[in-house]
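Read the structure below first, then the notes.
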Amino acid sequence: MGNSSEGESGVVSSTAGEKAAGDGLSYGDDQDRRLAGEIEQARENKRQIGVVSACFLIVNRVIGTGIFATPGSILALSGSVGLSLFIWVAGMLIAAAGTMVYLEFGTAIPKNGGEKNYLEYVYRKPKFLVTGLYTGYVLLLGWASGNSVVFGEYILHAAQVPVDRWNQRGIGLACLTVAFLIHGTALKWGIRLQNVLGTIKVFIILIIVIGGWIALAGHLKIPEGDPRPDNFTNAFEGTTGSAYGVVTALYNVIWSYIGYSNANYALSETRNPVRTLRIAAPVAIVAIAILYMFVNIAYFASVPKEEIIAAKRLVAASMFRNVFGAAAERALSVFVALSAFGNVLSVIFSQGRLVQELGREGILPFSRFWASNRPFNAPLAGLFEHWLISAIVIIAPPPGDAYNFILNLISYPLAIVNCFVAGGLAYLYINKEAWNWAPPIKATLPVVVFFLLSNIYLVAAPFVPPEDGQNIYEDLPYWIHCVVGFGVIFAGGIYWLIWAVILPKIGGYELVQETVVDEIDGWERQVFLKKPIGTLPSSHDTRPVPLRKFDI
């Protein structure tokens, strides 16, 4: 397989009549060279993300409300403090392995789109099926909804207003809408706000860690006669033997780590993307993993086990009350709400770009609309699609089970996608000579296999019936998020059947992918074109080729 490169600025494939060279194109005269310079300048002008911003893209996506909202559920499902901490370690290892897998793919194919590019690169038959499946996954999941709901809960808690179905969801919808408008109308300010909120949430976590040290020293503001925490004595007392409880607890931990691949979605907008990703992803995930473990220790040092379980999503507020007093509890609720808002900003930033990429490639109906950066030089239409789906997910579920259903519905299809991402990378390792696979950074085969097996377990285990009292839902069946998760991906398969099989047969054309360079912003992209049957050469493959070590 041939290869061409722009150094660290992207991956370019040849198109008919063009040979990739240097910046990806061949120019024969001064006018062409001038055009090439203008395109390259436009391309570089779009690159506004450096190492710090890439770190905060990951930090804001990973640190949402999971570390503040899920430890109570994890403790309840695992049954003991000791097993709870081990589950957090297991989730950390899975996140670290996932980071390495996405780091290898991201440095090999450094362009917007994330796992869509990696799946399309490996899974080429049936033709374009993986593109259709991934389209369903992108369009039908409201990733920004979960933390929008928690934002509403913590704002109401800070205001000492009773939480009900509609005030919580109304505030959550407002949070989502503000994030959509900021990123859709003021791109630079949206990135700056993300960085500020990322700094704030790291500061909050450091305060919690310090509070844990204060609690371990015995300085707690718990009224006389109330139970005091003693969670590290007999730490494994009450440990569950339920596979359902363990895997559901692990899902909650993984939810708290979702986002290690977040910088991969905007690599076309990243300066020196290979170098930036190589630094930002490991630094962000290692720092987060260390902080998460200290935060859990702080919770267990300052709040009795029974209170942690009873507090559910407000365990961080209980910790602040016990260490710093009641006034600090309300302040913490505001800080957690800001953390949730930062996560919503980060999520909608990335998901809007995925929708835009689908539009830029001609996969979606009215693709020019979804691909547009008008009128604010930002993917307003792509962001709107994710806003709409997330708004529906916020409003539609019945009360009681809404948050858990949203959380698991998002986590479950991600495990399915990660199975295929890891499986594809393992296949490339086994066949690296045939695929000319020599990326700048390697995850190593043992890490890839560990990530693959972990996600296979996460896909299969939730179908095991829970023991009495362990169903995470009050009224919904325990398997509902699994079935709906598969349904979301299968919906993409139905779209593929219509878009890539039935309509071409009716219209007498074939779909082909070609690489084009946008004259406005200088980005290369794969586009789907309709070609009359019989006009194509026998071999037509313009999918991106990975960067190799000597290209860097």
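Just so we're clear, the structure is a prediction, and the values are computed from it rather than from any experiment. The figures that follow rest on heavy atoms only: side chains count, while hydrogens, waters and symmetry mates do not.
The line from CH2 of Trp370 to CG of Leu358 is 10.5 Å long, rounded to the nearest 0.5 Å. The line from OG of Ser261 to CG of Leu414 is 7.0 Å long, rounded to the nearest 0.5 Å. Rounding to the nearest 0.5 angstrom, the gap separating the CG atom in Leu388 from the CZ atom in Phe180 is 9.5 Å.
Between the side chain of Ser84 and the backbone N or O of Ser80 there is no donor-acceptor pair closer than 3.5 Å. Not one N or O on the side chain of Gln168 forms a donor-acceptor pair closer than 3.5 Å with the backbone of Gly152.
If you check the side chains of Glu115 and Tyr265, you find a donor sitting under 3.5 Å from an acceptor. Side chain to side chain, Asn252 and Ser73 fail the donor-acceptor criterion of an N or O pair below 3.5 Å. Ser256 and Thr70 share a side-chain donor-acceptor pair at under 3.5 Å.
Ring geometry for Phe151 versus Phe341: interplanar angle of 30 to 60°, hence tilted. Using the six-membered ring where Trp is involved, Phe463 and Phe486 have ring planes that are tilted, between 30° and 60° apart.
Between Arg353 and Glu357 there is no salt bridge, since no side-chain nitrogen of the basic residue lies less than 4.0 Å from a carboxylate oxygen of the acidic one. Between Glu153 and Arg169 there is no salt bridge, since no side-chain N of the basic residue sits under 4.0 Å from a carboxylate O of the acidic one.
Checked against the 6.0 Å centroid criterion, the rings of Trp437 and Tyr427 do not qualify as a close aromatic pair. Residues Tyr118 and Phe420 keep their aromatic ring centres 6.0 Å or farther apart. Ring centers of Trp496 and Tyr137: at least 6.0 Å apart, outside the cut-off.
At most 12 non-hydrogen atoms from other residues, nucleotides or ligands lie less than 6.0 angstrom from CZ of Phe294.
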